[in-house]
Structure formats: structure tokens, C-alpha cells
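Here the structure is laid out as C-alpha cells; the discussion comes afterwards.
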Protein chains: 2
Amino acid sequence: METQNLKKAGLKVTLPRMKILQILEESETRHLTAEAIYRELLDSGEEIGLATVYRVLTQFEAAGLVSRLHFEGNQAVFELDRGGHHDHIICNQCGRVEEFLDETIEQRQRQIAKEHGYRIKDHALVLYGDCLDEDCPRRGN
Amino acid sequence: METQNLKKAGLKVTLPRMKILQILEESETRHLTAEAIYRELLDSGEEIGLATVYRVLTQFEAAGLVSRLHFEGNQAVFELDRGGHHDHIICNQCGRVEEFLDETIEQRQRQIAKEHGYRIKDHALVLYGDCLDEDCPRRGN
DNA sequence: ATAGAAATGAGAATCTTAAGCATCAGGCGG
DNA sequence: CCGCCTGATGCTTAAGATTCTCATTTCTAT
Ligand SMILES: [Mn+2]
Ligand SMILES: [Mn+2]
Ligand SMILES: [Zn+2]
Ligand SMILES: [Zn+2]
């Protein structure tokens, strides 16, 4: 449960932290903005301030519990860190997010970094396109 | 010269536009924030407002003259569009930016998008690491 | 239960970028 | 080459996202 993850991360167990962690765990899309989390808290009747949401998310990030992603658009997106690294595909129309991991790409990245004289630490790869989901507003195109 | 590129892009030839285009063309790093461009203008004695810099850059982007990049950090980065697509490696320490294009990665991206049922339109790939340049503040590590 | 330390909430502050509006200046007809 | 007209600029103010400040509340360890 949330309590354990928080303690494990060396964070004091508080109601806001529990609720936020819970929302991240139970989210359908798994990729949420601070605002979206804040709204969910309000909807579920919790009186938690937006500043706290941002603060807690930043702490979670520092503790390695969540990752902060920068897709196009102005707001950062947060997702629970479930262990493995992955990259993202996003639908320009409906915002659907898919995750993938391609070992060929990962490998090429390391190679390229080496060739350019960099000790690679991290990377961000995001593919943008139109999905073909039936619920997508501009399906087919 | 700048005049031609502006006319070609259907933009009226004005002093701010010429200067900004010139700065982008002559920049050593080739990847500049709006602020950086603004400072260069000030340094060269031009009385051009920051709002104009942002406005012009947005127009340049719409005209396909420049690309707006979103690296980590809060400010957008602009670079002259010199034709070919490429991705970036950035040094976490000194901010040095290198460009690369890897056909294997490009291909895998298209393939992945297809497999996930997306019609890919664009992508952003940025590698972050420490460079081994002698001028890099944390060389070697 | 109590005290001390850490966390929260509300609002102000910051940072980046985008308006709004009065003034100015390229581009074209004369 | 001159003057108009429309679009461009500058300055100021606004907007959106995130962080900071500080008084108050809540954990956690006695
Ligand atoms: Mn993800
Ligand atoms: Mn570039
Ligand atoms: Zn879609
Ligand atoms: Zn470096």
C-alpha cells in the first residue's frame, strides 16, 4: 500500500502524499499533469492545495517514485516510476499515450553518444502522430 | 542575405527581423533562447523589445524559417531551419549541443509507430550526458 | 499525551511567453 | 521622391505554470 512506498522513500506518511500516490497508482492513463491530479483530489472531496500537489510531486520525483515528463504543451506530466525505462508515443488528436521500449534504439543512442564524446546519462524520445483508435476525434484523418 | 529569406518567407523586411535572422545565422551554438537573442540585440546596440523577439521567432517558426525546441529547462530554444531533420545531444554540465541523425533510429521509430497504430507526424529525441570537452566544467567527471 | 520537526494551505511571487494598444515604418501608387 | 495604408514594433499588462513564504497544522518519536 501507499504507506510502505512512502516510508521506503524516506517520506513522512501524510494524507496528501497518500492520496496523490493513490491517484497515480490508479490512474487509467498513468500520465497526469499536476492540475489533473489536483482536480481528482477536489472531486474526491479532499482539501489539498495545488501548491502541495506540486511540492509532493517534486519530492516524489527526487525520491525516485515518479518521473516528470515534458511532452509538447506547457504542463509537465507525471507518471509513477514502475521500474523499467520506456519512451512514449502520443496522439496529437486525442492525447492518448502509449509506451514502448526498443532495444535497437536504446543501443544506437548509447553508440551515438559515445561517438560524439558524451557519457550519456539520460534521454527523452517522444513520437507524435495520429492514432487510429475508434474513439479518436480525428480517426483515419 | 537575410532580406531574401524574409521575402521568400512572405515576411515584410524590417530591421528587427533582419537582425534576429542574422543572429540566428551567425550564432556559434546555433541553438538560442529568445532571451539570448534579446541580449545579443542589446549588446549590439539595437533597441528591440523582448516581445518583438518572441513575436518574430513565432512568425519565423510559422514560416518554416526556424524550429522551436523544448530541451529540459524552462525556456524554448530556437534554431535556424537548415533543411535536414536532426536530433540532439546536450551536455548536462556545459550545455554544449551536438546534432546527429541516425537512420536506424529514424526507421525504428516509423516501425514502432506503425506497430502501435499511429500515423507518425513528428518526434523529439534528446540525449543528455556529460561531454568530454576540455572546456567542459566537469570534464572527465 | 507532548514537543519538535516537518508538512500543509493560501496567497504572493516568479518566470516565460503572449496579448492589447498607441505609435512607427516598410512598400507601393502617384 | 512623397505620402498613405497596413502591418510591425515597443511598452505595458496579462496569462499560465510552478515555486516560494509563512503562519498553522500534522506526524513521529518520546
Ligand atoms: Mn510512461
Ligand atoms: Mn539543432
Ligand atoms: Zn488519438
Ligand atoms: Zn560539457
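Order of the sequence lines sets the chain letters (A, B, ...), proteins ahead of strands, with each chain counted from 1.
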- [ ] Have a look at B:T14 and say if it touches a base, only the backbone sugar-phosphate, or nothing, with a 4.0 Å heavy-atom cut-off.
- [x] sugar-phosphate
- [ ] Assign each of B:F78 and A:T52 to its nearest nucleotide of DNA chain C by heavy atoms, then name whichever residue's nucleotide is nearer the 5' end.
- [x] A:T52
- [ ] Could you tell me whether B:R17 contacts a base, only the sugar-phosphate backbone, or nothing, with contacts defined as non-hydrogen atoms closer than 4.0 Å?
- [x] sugar-phosphate
Task: Whether over 12 other heavy atoms sit under 6.0 Å from B:E103 CD - done: yes
Task: Short side-chain N/O contact from B:Y54 to OP1 or OP2 of C:dT17, under 4.0 Å - done: yes
- [ ] Measure the distance from CD1 on A:I37 to P on D:dA17 and round it to the nearest whole Å.
- [x] 14 Å
Open item on the list: Is it the case that the side chain of B:S27 and the backbone of B:I23 share a donor-acceptor pair, with hydrogens and angles ignored and the cut-off at 3.5 Å?
Closed with: no
Open item on the list: Between A:E2 and A:K19 (salt bridge meaning N to carboxylate O under 4.0 Å), is one present in this structure?
Closed with: no
Open item on the list: Please report the distance, rounded to the nearest Å, between CG in A:L6 and P in C:dA7.
Closed with: 11 Å
- [ ] Using the closest heavy atom to pick a nucleotide of DNA chain C for each, name whichever of B:E35 or B:V13 lands nearer the 5' end.
- [x] B:E35
- [ ] Using atom CG of A:L15 as one end and atom C1' of C:dG9 as the other, report the distance to the nearest whole Å.
- [x] 13 Å
Task: Stepwise ring-ring contact (aromatic ring centres under 6.0 Å, His included) check, A:F71 with A:H88 - done: CA-CA 9 Å; A:F71 297 157; A:H88 300 89; 5.3 Å; yes
Task: Value in whole Å for how far the P atom of C:dT17 lies from CD of A:Q75 - done: 15 Å
Open item on the list: Does a side-chain N or O of A:T58 approach OP1 or OP2 of D:dT19 to a distance below 4.0 Å, or not?
Closed with: yes
Open item on the list: Side chains of A:Q111 and A:E115: any donor to acceptor distance under 3.5 Å?
Closed with: yes
- [ ] Give B:A76 one of three labels, base, sugar-phosphate or nothing, depending on what nucleic acid heavy atoms sit under 4.0 Å from its own.
- [x] sugar-phosphate
Task: Protein-nucleotide distance (B:L57, atom CG; C:dA18, atom P), rounded to Å - done: 9 Å
Task: Residue B:P16, side-chain atoms from C-beta onward, closest of C:dG27, D:dT9, D:dC27 - done: D:dT9
Open item on the list: Among D:dT28, C:dA19, D:dA17, which nucleotide has an atom closest to any side-chain atom of A:K12?
Closed with: D:dT28
Task: Between P of D:dT9 and OH of B:Y38, the distance in whole Å - done: 15 Å
Task: Out of D:dG16, C:dA7, C:dG20, whichever nucleotide has its closest atom nearest the side chain of B:R55 - done: C:dG20
- [ ] Measure from CG on A:N74 to C1' on C:dT16 and round the result to the nearest Å.
- [x] 10 Å
Open item on the list: Students often get this wrong, so: under 4.0 angstrom with heavy atoms, is A:I48 touching a base, only sugar-phosphate, or nothing?
Closed with: sugar-phosphate
- [ ] Would you indicate what A:E47 reaches in the nucleic acid, counting non-hydrogen atoms under 4.0 angstrom: base, sugar-phosphate, or nothing?
- [x] sugar-phosphate
Open item on the list: From CD of A:Q59 over to P of D:dC20, roughly how many Å is that when rounded to an integer?
Closed with: 12 Å
